[in-house]
Q: 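Dropping a structure here in structure tokens format, bear with me for questions.
All residue numbers in this chain count up from 1 along the given sequence.
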Amino acid sequence: MHIAEGFLPPVHAAAWGVASAPFVIHGVRALTREVKANPESTLLLGASGAFTFVLSALKIPSVTGSCSHPTGTGLGAILFRPPIMAVLGTITLLFQALLLAHGGLTTLGANVFSMAIVGPWAGFAVYALLRRSGAPLMVSVFFGAFVADLSTYCVTSVQLALAFPDPGSGIAGALAKFGGIFAVTQIPLAVSEGLLTVLVMRLLVQSSKGELTRLGVLLQGGNKKKEAAIR
């Protein structure tokens, strides 16, 4: 997911930056409103950002010679919704580019679009759909985190295929190759991230019930028994 510095053609790098900018700006506004309205949420916001930073900094070599890693964006998307996660993800990717040489400044827009925008939105959509269908909280959290991780790498595969189409089979052929490279390690990584996110959410349910209720993760009032039953 961390497309390296200078790897994308300049036009592609600029286009992904332009595509990402509105989501990040919207996220900054959402984050500002959240902090002003609920200053007590800053601790959980920081924890969500740290979770993303630590997980996405892990580099696991694949058998194909590339590297993969979890993304950690599912948790923040579930807790604070995707717009805020766009900001936390952008900050994470910026610091990783500057301090860890993961990704780069020229490819920041592309990396933000895949990990901080599409991943959180896809993961949250699956989470919300499962919750509305009556699925248990932890089942919804698992699949939300799983999809947030896997969809990030699907988008990265598309980005690379658009930039480097196969000479014979074009974009479709390149997409199949890039997708196959990532799939080798990313599917089990997505499963692992889903399980870890469930574990973290269980700890938050025990320690931060009030905050999770305010955020809408836990049901309120008369629905508490129903929540306990489906969890």
Side-chain angles (χ1 to χ4, degrees), residues 1-31 49 52-53 55-62 64-73 76-77 82-125 147-186 189-190:
M1 183 281 308
H2 286 118
I3 300 177
E5 180 71 72
F7 191 73
L8 291 178
V11 173
H12 287 255
W16 288 115
V18 170
S20 298
F23 293 93
V24 178
I25 293 171
H26 176 231
V28 169
R29 292 175 177 172
L31 178 60
T52 299
F53 184 90
L55 283 194
S56 60
L58 299 175
K59 296 182 70 174
I60 301 174
S62 72
T64 58
S66 65
C67 290
S68 296
H69 53 78
T71 64
T73 59
I84 289 180
M85 195 60 238
V87 181
L88 298 181
T90 299
I91 294 172
T92 291
L93 289 165
L94 179 60
F95 273 88
Q96 288 176 346
L98 294 173
L99 303 178
L100 303 178
H102 289 185
L105 296 180
T106 61
T107 56
L108 182 63
N111 292 331
V112 165
F113 193 85
S114 62
M115 191 182 99
I117 296 171
V118 174
W121 273 108
F124 180 77
V147 170
D149 181 302
L150 197 58
S151 61
T152 294
Y153 280 85
C154 291
V155 174
T156 298
S157 297
V158 171
Q159 292 172 326
L160 294 174
L162 290 172
F164 306 103
D166 185 84
S169 53
I171 293 175
L175 180 59
K177 291 179 181 178
F178 285 120
I181 289 172
F182 287 132
V184 173
T185 51
Q186 204 55 39
L189 274 179

Q: Can you name the nearest heavy-atom pair linking Ser56 to Gln96, along with the distance?
A: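 Heavy-atom minimum between the residues: OG-NE2, 2.8 Å.
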Q: Filter on salt bridge (charged side-chain N to carboxylate O under 4.0 Å, His left out), then keep only pairs touching residues 12-31, sequence neighbours left out; what's left?
A: none
Q: Search all heavy atoms of Met115 against all heavy atoms of Gly89 and return the closest pair with its distance.
A: CE-O, 4.4 Å
Q: How about Met85 and Thr52: do any of their side-chain heavy atoms sit closer than 4.5 Å?
A: yes
Q: Taking all heavy atoms of Thr152 and all of Gly119, pick out the closest pair and write down the distance.
A: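 Of all heavy-atom pairs spanning Thr152 and Gly119, the closest is OG1-CA, 3.6 Å.
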Q: Going by heavy atoms in the side chains, are Leu93 and His2 under 4.5 Å from each other?
A: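 A side-chain contact under 4.5 Å exists here.
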Q: How long is the span from the CG atom in Leu31 to the CD1 atom in Ile91, to the nearest 0.5 Å?
A: 7.0 Å
Q: Closer than 3.5 angstrom, by distance alone: can the side chain of Gln186 be matched with the main-chain N or O of Tyr153 as a donor-acceptor pair?
A: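 No; judged by distance alone, with no hydrogens or angles, the pair does not exist.
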Q: Restricting to non-hydrogen atoms, name the atom on Ser114 and the atom on Val155 that form the minimum distance, rounded to 0.1 Å.
A: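 Scanning both residues, the minimum pair turns out to be CB-CG1, 3.8 Å.
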Q: Kindly list each side-chain donor-acceptor pair under 3.5 angstrom involving residues 168-178, sequence neighbours excluded, with atom names and distances?
A:
unit_1: Ser169; atom_1: OG; unit_2: Asp166; atom_2: OD2; d: 3.1
unit_1: Lys177; atom_1: NZ; unit_2: Asp166; atom_2: OD1; d: 2.4

Q: Below 3.5 Å, can you tabulate the donor-acceptor pairs from side chains in residues 97-109 to any protein atom, sequence neighbours excluded?
A:
unit_1: Thr106; atom_1: OG1; unit_2: Glu5; atom_2: OE2; d: 2.4
unit_1: Thr106; atom_1: OG1; unit_2: Gly6; atom_2: N; d: 2.9
unit_1: Thr107; atom_1: OG1; unit_2: Ile3; atom_2: O; d: 2.7
unit_1: Thr107; atom_1: OG1; unit_2: Gly104; atom_2: N; d: 3.4

Q: Does Ala13 have any side chain to side chain contact (heavy atoms under 4.5 Å, CB included) partners at least two apart in sequence or in another chain, and if so, which?
A: Leu8
Q: Nearest heavy-atom pair of Pro82 and Pro120: which atoms, and what distance?
A: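 Taking Pro82 first and Pro120 second, the nearest heavy atoms are CG-O, 3.7 Å.
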Q: What's the shortest heavy-atom distance between Ala116 and Thr90, and which atoms?
A: CB-N, 4.0 Å
Q: Who pairs with Phe7 by ring pair (Phe, Tyr, Trp, His ring centres under 6.0 Å), at least two apart in sequence or on another chain?
A: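 By the ring pair (Phe, Tyr, Trp, His ring centres under 6.0 Å) rule, Phe7 matches Phe164.
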Q: Applying ring pair (Phe, Tyr, Trp, His ring centres under 6.0 Å), name anything that partners Phe113, two or more places apart in sequence or on another chain.
A: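 Result, ring pair (Phe, Tyr, Trp, His ring centres under 6.0 Å) vs Phe113: Trp16.
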